[in-house]
Amino acid sequence: MKTILHISKYYYPTLGGIESVAKYLAEGLDGFGNIVVCFSTDGKYHEDEVNGVKVFRIPVDFSFMSQDVCFSYYHYLKKIYGMYNPEVLLVHCPNPFVYPLVMRVVKRTDKVVLLWHSDILSKKLMYTLVKPFETSILRRADMIISTSPNYIPFSVINGYVNKVQVLQNGIYTPNFVKHEGDDERINVIKDKYAGKKIIFYVGRHVAYKGLDCLIESERFVKSDCVFLIGGSGPLTETLKKKASGRQRIKFLGRLSDDDLRCYLYASDIFGFSSVTKAEAFGVALAEAMYCGCVPVCFTLNGSGVNWVSLGGQTGEEVALRDVKAYAAAIDKVLSDKCLHGKYATAGHDRIKENFTCKAAVEKANKIFNSF
C-alpha cells in the first residue's frame, strides 16, 4: 500500500475550507496509507490521531504577512518522511514556507502533488520573496490539482496545464439535511420577517465578498423582501454604516451551524456577491444550493463560482459589480415562482451529484489510483 503524506497549513479540529478538504481526503483516500503534517495552534509539538489518520502538528515560531514560519519544520518533516517513506507528497497550496523544505526532503523517485486552492493574490513584497520557490515546486510537481476548470486559465498554474487535473471541492451534506425540529425553526424565521421574501448572505465581511455591492443593490430591488447578512469581519462596522437607515437590511452576526442551516432553508435568494477570484470556489454557495436557496452571482473570471452555479440553470449570473442588474436578477427570481422552483431543484441536484465530500473523494481515489 502506498503512503500519502498530506501537508496542510492546519488540520481538524481547526476549521476552514482547506482544512475541511484536507480532512476528507486524508480519511477518504482508502487505497492508501495517509499521514498529515500541519502547524499546531498552541505553540507546541503534538502527535495525535483523528479518525484513524496520524497527524503531526509542528509549532509556529512567528507569522510574517499571514505566512506561518517554523525554524524546526525541516527537522520534523525530514524525520517524519524518513519514518514513513511516503511515495506521494500532497501539498495544499498556497503554503510557500514549506515549498523549499519539500524540495529538500522529497526523493527524486517520489511524487509531488500540489492541490492548488488559490494563487497568492498579493503581488507585493510577499510574492516577490516566494515566487522563486513557487516556480521551483510547480516545475517539480508531478501533478497539479485545480478545484475548478474555471480557475486554470487565470492562474499561474496555466503555465503547467499539461499536468493539471480538476478535483472539485465537496460539502459535508449531513450538516445540511433537515434535522428534527428544523421546520418549526424555519417557520419562526419566516414569521419574524412577516413572510417577506428573504435574500440571505453568510460569510466573512471582507472586501472580496462584495457586500458593498449587495447592500447597494438593495436600493434597486422592487420586491417586498428583506436582506439578512450573517457573519462578521473587519468590514462589519463600515457595512453597517453603509446600510444605515435602510429598514430592509438586517445584520445577524455569527450563526451557529443549526441556525445557518435553518436560515438557508428559510431564505429565497442567496446573495452571493463575491467580486474577485479570491473567491476561488464558493463552498458557501454549494451549501446554499443544496438547501434550495437560489443564488444570484456576479460573473467572476478565474473563479469556480460560475462553475458551481450555472447561470440560467441553477441561478442568475450578472456582469461584475453591476448592482442594477443584480437587483433585477433578484426581482426576476422572486417574481416567478416556477423559475425559483426550477433553479432550486436544479441547484440541489447539481450539488448532490457533483459537489459533496463523497463525490470529491470518489474522484480523488480515481486520480490517485491512476497516478
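- In this structure, CE in M289 is found 6.5 Å from CZ in R350, a value given to the nearest 0.5 Å.
- Between K178 and D183 there is a salt bridge, since a side-chain N of the basic residue sits under 4.0 Å from a carboxylate O of the acidic one.
- Under the 4.0 Å criterion applied to side-chain N and carboxylate O atoms, K342 and D336 are not assigned as salt-bridge partners.
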Can you give each donor-acceptor pair under 3.5 Å made by side-chain atoms of residues 28-43, sequence neighbours left out, with the distance rounded to 0.1 Å?
unit_1	atom_1	unit_2	atom_2	d
N34	OD1	H6	NE2	2.7
N34	ND2	A26	O	3.3
N34	ND2	L29	O	2.9
N34	ND2	F32	O	3.1
S40	OG	K44	O	2.7
D42	OD1	K44	N	3.0
D42	OD1	H46	NE2	3.1
D42	OD2	H46	NE2	2.7

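- No side-chain heavy atom of L260 sits less than 4.5 Å from a side-chain heavy atom of N175.
- A distance of 6.0 Å or more separates the ring centres of Y265 and F200.
- A salt bridge does not link K222 to D224: none of the charged side-chain nitrogens sits closer than 4.0 Å to a carboxylate oxygen.
- Shortest non-hydrogen contact noted between F176 and L264 is CE2-CD1, 4.0 Å.
- Judged by distance alone, with hydrogens and angles left aside, the side-chain atoms of K197 form no donor-acceptor pair with the main-chain N or O of S223 at under 3.5 Å.
- The structure places CZ of R219 at 8.0 Å from CD1 of I249, a figure rounded to the nearest 0.5 Å.
- Partners of Y263 according to the side-chain hydrogen bond (donor to acceptor under 3.5 Å, both in side chains) rule, which considers only residues two or more places apart in sequence or in another chain, do not exist here.
- At a threshold of 4.5 Å between non-hydrogen side-chain atoms, the residues I367 and V113 do not count as touching.
- Formation of a donor-acceptor pair under 3.5 Å by the K337 side chain with backbone atoms of L334 is not found in this model.
- Ring-plane geometry between Y326 and F298 is classed as tilted, the angle between the planes lying from 30 to 60 degrees on a 0 to 90 degree scale.
- When atom types are taken as modelled, the side chain of Y172 and the backbone of S20 share no donor-acceptor pair closer than 3.5 angstrom.
- Residues C262 and D182 approach most closely at SG-OD1, 3.5 Å, considering heavy atoms.
- Taking the six-membered ring wherever Trp is involved, the centroid distance between the rings of Y76 and Y45 falls below 6.0 Å.
- Aromatic ring pairs are classed by plane angle as parallel below 30°, tilted from 30° to 60° and perpendicular above 60°; the pair F272 and F270 is parallel.
- Contact between S309 and G315 at its shortest, heavy atoms only, is OG-N, 4.1 Å.
- Classification of D349 and K352 as a salt-bridged pair fails, no side-chain N sitting under 4.0 Å from a carboxylate O.
- Taking the charged nitrogens against the carboxylate oxygens, K242 and D212 have no contact shorter than 4.0 Å, which rules out a salt bridge.
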